[in-house]
Amino acid sequence: MLSRRFLGVAQRQGLAQLGIRRMATVSDSPLDKKVRQNNQEEGNFINYKKMSENLAIVRQRLNRPLTYAEKILYSHLDDPHGQEIERGVSYLKLRPDRVACQDATAQMAILQFMSAGMPSVANPTTVHCDHLIEAQVGGPKDLARAQEINKEVYDFLATSCAKYNIGFWRPGSGIIHQILLENYAFPGGLLIGTDSHTPNAGGLGMCAIGVGGADAVDVMANLPWELKAPKVIGVKLTGEMSGWTSAKDIILKVAGILTVKGGTGAIVEYFASFLPSVLLFPFPRSSSDLPKELYKMEQLLVSGSFNSRHLPSVNYTSAAPGLRSACVHTSDLAECCPVRPEYSRSSESSGRPFPGLLQLEKYFCTGVLESSGRPFPGLLQSVSAHVSPVLYDTSTRCPALQRALADGFLEHSKQLSHLCTSSSDSSGRPLPGTFQAAPSSAPVLRRAPLLLLLIWTCFSTCSDKSKHPIFLKVISGQDIIEELLSSVSLICTPGLFEILQSSTPPTISFFKTLPSEFTKRWGIYLLTSEKSGCRPKIYIGSGTSIRLGVSERLDQYANRGKYTPKYVAKALDDGYVITHNGLLCWAPIPPAGLAPLLRVLFIALEATFACVFWERYSRTYYMSQLCLWDLSKLEYDGLCSHIPFHEAVAGDFSLSLKSWKFKQLRSWRTELSGNVWRAEQHTRRPNLMILKLYKSSRRRSRESMLRKTHASVKAAGDRYRAKAKESRKWYCAICDHACDKQAALTIHLQSTKHHQRASRHCAICKNTFCKKSKYEQHLKSMKHAKAVKLALSLDDSTDSASDSDTEMSMSTTVASKTKSFTQSTLEDFIASSTKTATKTAIKPSSIGPGTQTISCTGMGTICNMGAEIGATTSLFPFNDRMYDYLAATRRKDIGDFARVYAKELREDEGAEYDQLIELNLSELEPHINGPFTPDLATPISKFSEAVKANNWPEELKVGLIGSCTNSSYEDMSRAASIARDALDHGIKAKSLFTVTPGSEQIRATIQRDGQLETLEEFGGMILANACGPCIGQWDRKDVKKGEANSIISSYNRNFTGRNDANPATHSFVTSPDLVVAMTIAGTLHFNPLTDKLKDKDGNEFLLSPPTGAGLPSRGYDPGQDTYQAPPKDRASVSVAVSPTSDRLQLLEPFPAWDGKDKMDLPILIKTKGKTTTDHISMAGPWLKYRGHLDNISNNMLIGAINAENGEANKIKNFTTGEYDAVPATARDYKKKGIPWVVVGDWNYGEGSSREHAALEPRHLGGLAIITRSFARIHETNLKKQGMLPLTFVDPADYDKIQPDDKVDLLCTELAVGKPMTLVVHPKDGKSFEVKLAHTFNAPQIEWFKNGSALNTMAKSHS
């Protein structure tokens, strides 16, 4: 019986792996279970089985590991068999699980759906009233006022939702994204929402994408939703947050790295390197210290020092039940393994026990899973010896299971033998627990095959005579390059691979967009030098300094150092000026042990890019055929005199890569054993014979020294110490003591003499005092205070010299502590600096819990603000924090179901990302971003300096917390803890302070638990459960319009005029913690980590770091019931729309294209700089017209800056010659039958997903929007409304077109994959042609021909 069951499992798995489809049959598969999507809708279920089937088909076709984002999208394909799949190229037709609309966009979406003539929506849909409530005097009064003012709109939404089977959340229920997280989001699902911050649901493992209303209508009408297959940016999180650092700081940092357009066309996927399957471990929820125990156990496993005394003291009986393995293989094996009933518990309807055996072994494994999902039980032997008698009887284990576990152990041992290090100390030794996957599977490159091909082609083409012998020795084949590439986390600049695969050569404009952040990086840099009247020149080089990275190399050009290349120096002498230096690709500075080999890789990359872009001084060199474009079409010249392969490479190459790794591991283990031995000697009685011999040798040594002159000994000692100090190895700066090896320094650091001197040593002033009293007196002196202030202002560049194995330089120690300086007092800072000086300086391990330390709502915060980097969406893999949140929000059955499917709710091992970013949360500093853009990231330690340097208003007028980004229970609890700390010291907020609860559930819960009372006592105004000031719904009274002022919020967006319609308001975004802290001080110069406040008695105190539970201990209080379910009898419901309304207007179809080219078109406006959807269709007071297209069109482009005069809402009407408002001019053109176009800059239409920004230009007679680039949602919205979103093939053509030019647009050229022609007729000059690109596919071209996507839909139904 047992054998048949086991063979059946194997057979089912084999069919699934082959991707064979078969007829559906009645089975007991765990995925057949019917689990409701939410508690509000009875007939909608989570279909993991269908997702799994689609995924199996796609896996068979692609035959490669998948990212989590890909898994969700491909599991929702409309046609998984025939769908073309290529990231960044294909258009996917998807079937989302549900649709969500906020009240402002829902009006137009429902009006469009009504015109389709369908009786009800085909997919689950909800509408949420959150945008139309203006913040003025406080929650209840503001809500009552909004219900009165917007009664007409709310009645329309309520009746239309009832009519068309849509769930309706009434005003006051909360912000749409918080409601979705609390009620509708589930792991692995696909949701679209008519708001750009819909990705908030990614915090619960859902792929939630912001769209326009027309896209929502498609899904509501049961049409496939079309999305260009996004690329995937991986963000690897390591370490653990603490102190003032919060989840918000992660996305603020990422925004600073990627900028507002860096995520365009991509999904940002967060993951952790440590224990990727930790979500499957049945941790006892009462054991808060368990993660630390796991790190310790992993370190001991690697070192070979694990034994029974290291087992964590947890209740294994409670650890075993409650979880069935997510992977099918392990799950089915569990059926074959009987366990003692007293140590198992049933949670399935079938009553099958959850075996403690597999639970425990997975708990003790290293976190690595095979491709089949079977865990590698690395600690199986140790665990079995000490725990198995307690949990299970090994005699009952089936032979098949024993063999599987044995195979897993052997595979794990094989893995350990060739692991590469992802982190090390300065000597190159791997730190404990820092191992990542084997090189062949490391997902560290963007399109690695292309890069590998280019490098190998360049290397093999280059003559052996032109190569230094070290390259011939190291690079013996293509596999060596692949291994080197897999050993480094290489990141390429956005757009690089698109350029490499383009038929058009790169321009100087592209080179000037290369990122120029060089701190602590190795990289391939590109210098751009220009001279008026001459062709630009470029130079490509590499920077591989182990100390400062690429920045040390670039300093040569800034200071004209002796290593400045010959032709670069000549160009500078000839009057050329370096106008930009940026990075083509980069990586963190590697361990010292791997530096020589990786220098070979970076020089190979340098040579490759030098040939690909051809920056050689001579164009006749024999390798010029490697240039990807015709040399005559390049708009620049090169400055390089040679191919870098002939250069020597610094470092010791006596060992192979594997030998290096083995030597590093052996060295570390030897040192660990030595430390353990020395520690044991302290606890034993000394051996008298050894002691006697030791004293005898000391006596002989002393006699030998006496024979030498004092002067010679002192001179020798001075020389040795000087050499040791210079080399920065084995030297103690406190005692001015040099050692000949690491062991001697270790002994010295443990000596009494050293500890006595260290206790009287000031690490900041670098002075050692003879008495403790003088040391304490020094700490209170003015000189010391000034030194501390100076130390705290040091920049990060000082820290780059702190990587030496035994770094004892006090200046470096101060710099290191400055970077990680948190809430310590001045004395704590000094003490910790002194303590650091007495230890070997080892970098903190990059291994850590990563995503496991972030709450579910914290992950939602990160995903929410991902919209500000232009990302399609952001998401996290399913983990225990999500399970806890599902259970807390009364959806435990969904969490249990997700655990069954958990193998597909995370990335595959070896999945490749188009771009990889690594963040060590242990080193992450709180950030503040802004003003006027959410990607201007400044760490808190440098923010005060930035305020002064940029002359930003220093006084903080208002602090605002809440909104959809940061309004969770955890956010409010942490904010309340800071407020309570201030109140306990007798002070309140100096600035105005507002609080916006995210939902009625949050408001009711924090009112019950006391946080709301604390925030009100602190001086906060509690606003309605709505968007409020975050979207401009703020009737602000404290400043006049045009008055420069500063506000700080925990919101997500801070474009000009966004919050209060005042373009002079400097709006900054940060975490709620920093908002509350800075509100107490009332100034932007306050840093709560270092600066003290004065209490009511004038005594100074430092704010305590914020604290707060991620989930309420007593569960959530749902508050008032604000949900309206659709009635069962919907036939009698009539939709309320008044024909005389100025808020609602039934839509008329847009006219179809007449099939002709459009000639002599005026340019309505040429916008300059940022043109967001806030500039195109402002929010604030205009929100009330979202249901009336003609009225809201009066705000079209009134915020955009006219490139002609630098003013907003002032353009020239070419028919009258007079200047007028943009909407008025457009209406005049429409009245006269004159179509028009708009010319825009980069990332046109970024920001909110509002489709009115596309509807208004179409309504007022627009034909095309021509830009350098588009934000994804806005581009799609324009297509849906029958407009032409076009981009310049050469972005430099933007500068050639003037606002008063006329243009001809050859619309008849519109075809899939082919450019269109724009003929420009300058007012004074000769006409010229400009090529325009587009992303239309065949169905979208039909939208344009028919006048709109809605017209096409109506046509198909007629």
(message) Between N864 and H177, do the side chains contain a donor N or O and an acceptor N or O under 3.5 Å apart?
(response) no

(message) Looking only at side-chain N and O atoms, does S855 offer a donor or acceptor that is under 3.5 Å from a partner on T857?
(response) yes

(request) Could you tell me the separation between the CZ atom of F876 and the CG atom of L237, rounded to the nearest 0.5 Å? (result) 6.0 Å

(message) Nearest 0.5 angstrom please: T965 OG1 to N1052 CG, how far?
(response) 3.5 Å

(message) Once rounded to the nearest 0.5 Å, what's the spacing between atom CG of L875 and atom CD1 of I72?
(response) 5.0 Å

(message) Just to verify, which of N200, L191, L204 counts as forming a side chain to side chain contact (heavy atoms under 4.5 Å, CB included) with L180?
(response) L191

(message) Below 30° counts as parallel, above 60° as perpendicular, anything between as tilted: where do the rings of F1270 and H1274 land?
(response) tilted

(message) Just to verify, which of V254, D249, I251, I250 counts as forming a side chain to side chain contact (heavy atoms under 4.5 Å, CB included) with H927?
(response) D249

(message) I need the L526 CG to C585 SG distance, nearest 0.5 Å.
(response) 11.0 Å

(message) Before you tell me yes or no, could you show the steps for F271 and Y913 under ring-ring contact (aromatic ring centres under 6.0 Å, His included), namely the whole-Å CA-CA distance, both residues' side-chain angles and the distance that decides it to 0.1 Å?
(response) CA-CA 12 Å; F271 63 97; Y913 296 90; 5.2 Å; yes

(request) Apply the test side-chain contact (heavy atoms from CB on, under 4.5 Å) to residues R64 and E70: give CA-CA distance (whole Å), side-chain angles for both, the deciding distance (0.1 Å), then the verdict. (result) CA-CA 11 Å; R64 63 172 173 83; E70 289 180 300; 2.8 Å; yes

(request) Give a yes or no on whether the backbone of L252 and the side-chain of N929 come within a donor-acceptor separation of less than 3.5 Å. (result) yes

(request) Could you walk me through whether R95 and D79 pass the salt bridge (charged side-chain N to carboxylate O under 4.0 Å, His left out) test, one step at a time? (result) CA-CA 10 Å; R95 291 288 181 176; D79 179 16; over 6 Å; no

(request) Report the relative orientation of the aromatic rings in Y48 and F186; use parallel for angles under 30°, tilted for 30 to 60°, perpendicular for over 60°. (result) perpendicular

(message) Salt bridge check, R59 against E904: does any charged N sit closer than 4.0 Å to a carboxylate O?
(response) yes

(message) I'd like to know if the side chain of T1335 pairs up with that of E1275 as donor and acceptor (distance under 3.5 Å, no hydrogens or angles considered).
(response) yes

(request) With side-chain contact (heavy atoms from CB on, under 4.5 Å) as the test, would you mind laying out the steps for V1069 and M865 before giving the verdict? (result) CA-CA 11 Å; V1069 292; M865 196 173 167; 4.0 Å; yes

(message) Checking side-chain polar atoms at under 3.5 Å, does E226 have a donor or acceptor matched by the opposite partner on N1337?
(response) yes

(message) Quick test of your reading of the model: are K261 and D935 salt-bridged, counting only N-O distances below 4.0 Å?
(response) no

(message) Let me confirm one number: the CD1-CD1 distance from I233 to I257, rounded to the nearest 0.5 Å.
(response) 10.5 Å

(message) Between D908 and K903, does any NZ, NE, NH1 or NH2 come within less than 4.0 Å of an OD or OE carboxylate oxygen?
(response) no

(request) Output the distance between atom CG (N54) and atom CG (L73), rounded to the nearest 0.5 Å. (result) 12.0 Å

